[in-house]
2 protein chains.
Amino acid sequence: MTAVDGDRPAGRRRRVTSADVARAAGVSRATVSYVLNDVPNRNISQATRELVRSTAKRLGHMPYAPARALRSGRTNLVLALVPGFGIGFLFDKALDALNTALAARGYALLVHHHAEALRSITDLWGLVSPALVVTTGGLSADERAAVEYSEARLVDVDGIVSFPRIGRMQAEYLLSKGHRRLGFAMPGDPHLQVFADSRLSGVRQVCAEAGLPEPVVEVVDFERADVRPAVASWRDRPEPVTAVCAHNDDVALVLMAGLETMGLRAGVDLDVIGVDNVPIAAIGVTTVAIDIDALAGVVVDSVLAELDDRPAPDRDGEFLHLVVRRSA
Amino acid sequence: MTAVDGDRPAGRRRRVTSADVARAAGVSRATVSYVLNDVPNRNISQATRELVRSTAKRLGHMPYAPARALRSGRTNLVLALVPGFGIGFLFDKALDALNTALAARGYALLVHHHAEALRSITDLWGLVSPALVVTTGGLSADERAAVEYSEARLVDVDGIVSFPRIGRMQAEYLLSKGHRRLGFAMPGDPHLQVFADSRLSGVRQVCAEAGLPEPVVEVVDFERADVRPAVASWRDRPEPVTAVCAHNDDVALVLMAGLETMGLRAGVDLDVIGVDNVPIAAIGVTTVAIDIDALAGVVVDSVLAELDDRPAPDRDGEFLHLVVRRSA
DNA sequence: CTGTTAGCGCGTTCAC
DNA sequence: GTGAACGCGCTAACAG
């Protein structure tokens, strides 16, 4: 850790405004603005342009975002509201793709971990005022309303990949293998609950449609890898659970590792299926894979379309496929 | 994906300003500001307060961040400049802790994936103007200078945990086990290169100090789990590498899984040591563990201290310890 | 006590 | 190429 303060004893550095540049260059503020923004159809001599630019650089002028935004009535900010950092492999990939695409169009992608309990949307808007908000379905009805009522556009990427659909695929595969009592492994992280519930609902549907009992839900805490209670709950019952849908591959891997320490084996004593097909899943996790690039592409297209006032692109791609390995 | 646009046919909603609220409530703009901000020592009747608040709510007024920031000369934004999303377990934990601590003090933490190739700091400042920037040492000299020259404060969390120190711990442990030819497994992700190089430097130091040859560096690509070339490079040489320091546990896990598919075993045919002690490492990865909570605490303290103009807190904690499992 | 007037901050852009 | 008004919220000075 390096505290960097340079030589600012008490009063901090004064901002260098475009007026300072204008004064130093001996031109008007309007000229400075036109030059620095490359405004077309403004006949400004090359000499003046160079003078303004060099003066700005010499003085260390940086445009001041709030003033610019206030005057133009809009920001070039896209705010991604996430339910927590490190939400997952796919998510991070999509954010990276979005970041690059937006940078090329002069927008900045900002990621904020928003929680209603911590701060309201209204209060957040007093701190940052985005042109567009990207969410993952993690907003309450009130929050959605607040965003929609503000001048910000809203793109909800929830549903590009149907989470219930993923749960359905897991369950359908397990039933096709002859299982009749399913379990569901929830992650311990509360931020992931929303997603997990959504996947679980798909598993529930399939069980209900097949006339089977509800899936037995247990938490497999990612942090402390003690899965004994969960495994006991699944196996020590009159009609034992024989196969478990894990929220994702990470949960599946923790579960599988735990089974091994108990002298049990995934795919033999208990079938386990994950979601995501993360790289490490290659060690033997049967999983529902999601096509990252296609997914990221749709997210990017959706956001850009909304920014351009174009209709939202078709989102009915097929991003899911089953990868069968030894765990189920 | 749901495109949410409500009923805004062509022209989008006009902003509801505090002037609108003042007009509707029949009071002055000043009164509105005093009420909504709970400014002390302002004797405003309870009736007026309620009137203003209810009117603001009825009209759906939200404070407009740029105007507020322009007037007050400062924002309440903390910008974390990261070299990529999904940088790692520890990082995400620290960001979450920071987010919570900052929210309690009226600041918003925004995470931005910044790359010099995509946009300069100067241009970024035209889009968002933070009060403080948190980095992980990923800035170039020019970028550092730009940040330091702006009115934003800068806290660099690089070095809270010494990356070379981590590499040293890995190497020292392996040498203590009798190994004399070390390898280093780099991650494929270019965003992680900076960190990996730093860890590698520690390994290099230890080898040099012990009079041993340089560690043999190979990339273990996280995305495509084919580790055969890397393993071949380590083993197929006159003096084979017998132990590998992996950049982190994820890399170690991919490597271990790859070894297994080759009919080899980590800890037997090749020793492997990771970093982070991620949950899944419990399956048997020997690793350098980092105390997350202590680390996050120092990050939070450093940022809050800088915001409060207090001196940076002591950072000389000991966050590292070795966890020996079966992989080395 | 209760509330108002007026000017500011900084970059943008219309009219000249 | 310039002058000047503007956007929106904050707050010192002031008035009933």
Side-chain angles (χ1 to χ4, degrees), chain A residues 14-52 55-56 59-76 106 122-123 125-129 131 150-151, chain B residues 14-53 55-56 59-76 106 122-123 125-129 150-151:
Chain A
R14 210 185 65 79
R15 212 189 312 284
V16 178
T17 73
S18 67
D20 294 329
V21 176
R23 208 172 305 118
V27 298
S28 71
R29 290 162 47 204
T31 302
V32 172
S33 177
Y34 291 137
V35 170
L36 294 185
N37 292 305
D38 280 317
V39 176
N41 303 330
R42 290 273 128 195
N43 289 343
I44 297 174
S45 74
Q46 203 52 40
T48 305
R49 287 184 187 283
E50 308 255 302
L51 174 62
V52 168
T55 308
L59 299 184
H61 169 66
M62 304 198 194
Y64 187 50
R68 180 187 281 217
L70 175 58
R71 172 60 229 197
S72 62
R74 68 189 309 285
T75 63
N76 275 253
T122 299
D123 286 345
W125 259 226
L127 301 176
V128 59
S129 183
S150 79
E151 74 278 19
Chain B
R14 210 185 65 77
R15 211 189 314 284
V16 178
T17 72
S18 68
D20 294 329
V21 176
R23 207 172 305 117
V27 299
S28 71
R29 288 162 49 206
T31 302
V32 171
S33 177
Y34 290 137
V35 170
L36 295 185
N37 292 306
D38 278 318
V39 176
N41 303 329
R42 289 274 126 196
N43 290 342
I44 296 174
S45 71
Q46 203 54 39
T48 305
R49 286 184 187 285
E50 308 254 302
L51 174 62
V52 168
R53 270 195 260 269
T55 307
L59 299 185
H61 168 65
M62 305 197 194
Y64 187 50
R68 181 186 281 216
L70 176 58
R71 173 60 227 197
S72 62
R74 68 188 309 285
T75 62
N76 275 251
T122 300
D123 286 345
W125 259 228
L127 301 176
V128 59
S129 182
S150 80
E151 73 278 19

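In what follows, chains are A, B, ... by sequence order, proteins preceding strands, each numbered from 1.
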For residues [X] and [Y], report the shortest heavy-atom separation together with the two atoms involved.
| X | Y | value |
| --- | --- | --- |
| Ala69(B) | Thr75(B) | CB-CG2, 3.7 Å |
| Arg68(A) | Gly126(B) | CD-O, 3.6 Å |
| Leu59(A) | Ala24(A) | CD1-CB, 3.9 Å |
| Leu36(A) | Ala56(A) | CD2-CB, 4.2 Å |

Evaluate the criterion side chain to side chain contact (heavy atoms under 4.5 Å, CB included) for residue pair Glu151(B) and Ser129(B); output intermediate values, then yes/no. CA-CA 9 Å; Glu151(B) 73 278 19; Ser129(B) 182; 3.4 Å; yes
Figure out the [atom1]/[atom2] separation between [X] and [N], and round it to whole Å.
| X | N | atom1 | atom2 | answer |
| --- | --- | --- | --- | --- |
| Asn41(A) | dG1(D) | CG | P | 15 Å |
| Ile44(B) | dA15(D) | CD1 | C1' | 15 Å |
| Asp20(B) | dG9(D) | CG | C1' | 13 Å |

Measuring from Leu70(B):CG to Arg71(A):CZ, what's the distance to the nearest 0.5 Å?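 Reported to 0.5 Å precision, the distance equals 12.5 Å.
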How long is the straight-line distance from OG1 of Thr31(A) back to CG of Leu51(A), given to the nearest 0.5 Å?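 Output value for this atom pair is 10.5 Å.
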With DNA chain D as reference, determine whether Ala30(B) or Gly26(A) sits nearer its 5' end, using the nearest nucleotide of each.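 Whichever sits nearer the 5' end wins; that is Gly26(A).
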Validation row: [X], [Y] side chains within 4.5 angstrom (heavy atoms):
| X | Y | result |
| --- | --- | --- |
| Thr122(A) | Pro63(B) | yes |
| Ser18(A) | Ser33(A) | no |
| Gln46(B) | Arg49(B) | yes |

Option among Arg14(B), His61(B), Arg15(B) that satisfies the side-chain hydrogen bond (donor to acceptor under 3.5 Å, both in side chains) test with Asp20(B):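 Running side-chain hydrogen bond (donor to acceptor under 3.5 Å, both in side chains) over Arg14(B), His61(B), Arg15(B) with Asp20(B) returns exactly one hit, Arg14(B).
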Under 4.0 Å from any atom of DNA chain C, heavy atoms only: list the residues of residues 65-74 of chain A that qualify, in numerical order.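 Close to the strand are Ala67(A), Arg68(A), Arg71(A).
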5' precedence on DNA chain C between Ser45(B) and Arg42(A) (nearest-nucleotide basis):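 Nearest nucleotide further toward 5': that of Ser45(B).
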Nucleotide range of DNA chain C contacted by chain B, 5' to 3', under 4.0 Å to a heavy atom?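 It runs dC1(C) to dC10(C).
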Near DNA chain D, counting only heavy atoms under 4.0 Å, which residues of residues 31-40 of chain A show up?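 Under 4.0 Å from DNA chain D: Thr31(A), Tyr34(A).
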Please confirm whether the shortest side-chain N or O distance from Ser28(A) to OP1 or OP2 of dG1(D) is below 4.0 Å. no
